[in-house]
Amino acid sequence: MTQTLTLIRPDDWHLHLRDGAMLQAVLPETTRHFARAIVMPNLVPPVVTMADAEAYKARIAAATPQGADFTPLMTLYLTENTDPDDLAKAYASGLISAVKLYPAGATTNSASGVADFDKVRPVLERMAEIGCPLCVHGEVTDRDIDIFDREAVFIDRVLDPIRKSVPELKVVMEHITTKNGVDYVKANPERLGATITVQHLMLDRNDMLVGGMRPHYYCLPILKRREHREALVSAATSGDSRFFLGTDSAPHPTHAKEAECCAAGCFTAPVALACLAHTFEEANALDKLEGFTSLHGPAFYGLPANQDTLTLTKSDEAVVFPKDVRTAEATVTVFDPGFPVFWSVPT
Ligand code: NCD
Ligand code: ZN
Ligand code: ZN
């Protein structure tokens, strides 16, 4: 018997769409399921000004499939030279929904990010004043700090001091991957939320490293040990509205993933909702899925929930998902959790 699950249409609160041929190829995979997405600004060069965001939004609109009802929620990439007036104008006009902080060198295309956090304090103060949220890639980049500890150390050394010095600032801890991240959100109820990805709910570092290294599971922040995954699953399935979906779907050409120095990012957009239904069902929490995918994010960002719905179905046989998506120049491998998934969104 086929089981169905109808949700208020989901949004994706952390998404990489890229540009050019890649944008063209991956955007339909998001618009098929999601009504809105917070679009990451880490293009090369990054989206740093209001004019950059306007132009990028127009390129996304031009690449949106005919008939798709999709709103990209734009962001600016915070640099040490960000102009607070330009930012405030972009936010007041409704063009941008948030500003993104990348510590310099922390992840894919983050070279223009922030090295000296004191330099951006005036911008953060302005953001607090106007109510513009700060989305944070929360990892330190010091060579001395082990990659598996970088999120926990960032919380102590960077995030908590920023929040104490600009207490009115609204912050989203993007793609949290540790129990430390979950605990920090729970202990700080004011103006703080966190997104969680599909891969961090489904996999731990053993899945990536035991029996051979699997480049398609390599993303940043890196997958952690199992107890951290369990903390993320309990946060996501708890119904706590401070935790919501940000897939961090991050497409890279397959040749850049299957390489001597593998690019960081998992391309999950096509399978994200099917995978989440699987994960929430396993946790006996299918009734909490709608909050995570469709209600908590809009509430945090002060937006209404979507008005239409999306229905998932569960079949007796494992679903066969497409292996990859093609751009004009390359293929992009679709995330595969490595075990059977029975849920899908019928087309
Ligand atoms: C993202 C990308 O490829 O742009 N990669 C990733 O591993 N998550 C960047 C990011 O979100 O940190
Ligand atoms: Zn990131
Ligand atoms: Zn990301």
Side-chain angles (χ1 to χ4, degrees), residues 12-20 22-23 25-27 29-30 34 37-47 56 72-78 97-114 133-141 147-148 150-151 154-155 158-159 171-178 181 193-203 205 208 213-224 232 244-259 261-269 272 297 325 327 330 332-335:
D12 186 349
W13 301 95
H14 180 134
L15 175 67
H16 299 272
L17 287 173
R18 316 300 192 203
D19 217 339
M22 183 66 95
L23 168 64
V26 302
L27 183 56
E29 302 300 324
T30 285
F34 297 94
I38 288 274
V39 179
M40 289 296 135
N42 63 332
L43 304 182
V44 188
V47 178
Y56 187 31
L73 304 173
M74 308 307 292
T75 60
L76 292 185
Y77 184 120
L78 182 64
S97 300
V99 169
K100 179 72 191 241
L101 165 66
Y102 292 100
T107 186
T108 305
N109 304 337
S110 61
S112 323
V114 176
L134 180 71
C135 296
V136 179
H137 179 109
E139 288 191 288
V140 292
T141 54
I147 187 166
F148 291 98
R150 289 179 171 199
E151 178 170 301
F154 181 88
I155 293 170
V158 183
L159 181 63
V171 174
V172 187
M173 295 170 69
E174 297 292 340
H175 48 42
I176 56 168
T177 64
T178 57
T195 58
I196 306 179
T197 78
V198 173
Q199 68 268 20
H200 292 101
L201 289 171
M202 296 187 101
L203 304 175
R205 65 196 198 180
M208 178 177 58
M213 233 164 66
R214 291 178 183 73
H216 295 292
Y217 292 164
Y218 175 67
C219 66
L220 291 170
I222 199 156
L223 294 172
K224 304 296 192 298
L232 297 172
F244 43 93
L245 173 63
T247 65
D248 191 21
S249 180
H252 291 275
T254 300
H255 61 78
K257 294 290 297 175
E258 297 174 2
C261 181
C262 153
C266 301
F267 178 48
T268 53
V325 164
T327 76
V332 185
T333 301
V334 174
F335 177 75

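Each residue takes its place number in the sequence, starting with 1. Atoms within a ligand are numbered from 1 in the order they appear, just like the ligands themselves.
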Undergrad: Is there a donor in the side chain of His14 and an acceptor in the side chain of Glu174, or the other way round, less than 3.5 Å apart?
TA: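 Present: a donor and an acceptor within the cut-off.
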Undergrad: Contact between Leu76 and Pro41 at the side-chain level, heavy atoms closer than 4.5 Å - yes or no?
TA: no
Undergrad: Would you please classify the geometry between the Phe335 ring and the Tyr217 ring as parallel, tilted or perpendicular, with 30° and 60° separating the classes?
TA: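 If you compare the ring of Tyr217 with that of Phe335, the planes turn out tilted.
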Undergrad: Ignoring waters, how many protein N/O/S atoms are under 2.8 Å from the Zn ion (ligand 3)?
TA: 3
Undergrad: Look at the side chain of His252 and the backbone N and O of Val332, then say whether any donor-acceptor pair between them is shorter than 3.5 Å.
TA: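 Flag not set: sc His252 to bb Val332 has no pair under 3.5 Å.
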Undergrad: Hey, which of Ile222, Thr178, Leu223 is the one that makes side-chain contact (heavy atoms from CB on, under 4.5 Å) with Phe148?
TA: Ile222
Undergrad: Considering residues at least two apart in sequence or located in another chain, which fulfil the side chain to side chain contact (heavy atoms under 4.5 Å, CB included) criterion with Thr197?
TA: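 Applying side chain to side chain contact (heavy atoms under 4.5 Å, CB included) to Thr197 gives His175, Gln199, His200, Asp248.
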Undergrad: Are any protein N/O atoms closer than 3.5 Å to the N/O atoms of ligand 1? If there are, list each pair with names and the distance to one decimal place.
TA:
| unit_1 | atom_1 | unit_2 | atom_2 | d |
| --- | --- | --- | --- | --- |
| ligand 1 | 3 (O) | Arg18 | NH2 | 2.8 |
| ligand 1 | 3 (O) | Thr108 | OG1 | 3.3 |
| ligand 1 | 3 (O) | His252 | NE2 | 2.8 |
| ligand 1 | 3 (O) | Ala264 | O | 3.0 |
| ligand 1 | 4 (O) | His16 | ND1 | 3.3 |
| ligand 1 | 4 (O) | Arg18 | NH1 | 2.9 |
| ligand 1 | 4 (O) | Arg18 | NH2 | 3.4 |
| ligand 1 | 4 (O) | Asn42 | ND2 | 2.8 |
| ligand 1 | 5 (N) | Ala264 | O | 3.1 |
| ligand 1 | 7 (O) | Leu220 | N | 2.8 |
| ligand 1 | 7 (O) | Ala264 | O | 3.3 |
| ligand 1 | 7 (O) | Gly265 | N | 3.2 |
| ligand 1 | 8 (N) | Leu220 | O | 2.9 |
| ligand 1 | 8 (N) | Asp248 | OD2 | 2.7 |
| ligand 1 | 11 (O) | His16 | NE2 | 3.1 |
| ligand 1 | 11 (O) | Asp248 | OD1 | 3.1 |
| ligand 1 | 12 (O) | Thr107 | OG1 | 2.7 |
| ligand 1 | 12 (O) | His137 | ND1 | 3.0 |

Undergrad: Check step by step if side chain to side chain donor-acceptor pair (under 3.5 Å) holds for Thr177 and Lys224.
TA: CA-CA 7 Å; Thr177 64; Lys224 304 296 192 298; 2.9 Å; yes
Undergrad: My understanding is that only residues two or more places apart in sequence, or in another chain, count here; which of them pass side chain to side chain contact (heavy atoms under 4.5 Å, CB included) with Ala259?
TA: none
Undergrad: Heavy atoms, side chains only, cut-off 4.5 Å: are Phe34 and Leu245 in contact?
TA: yes
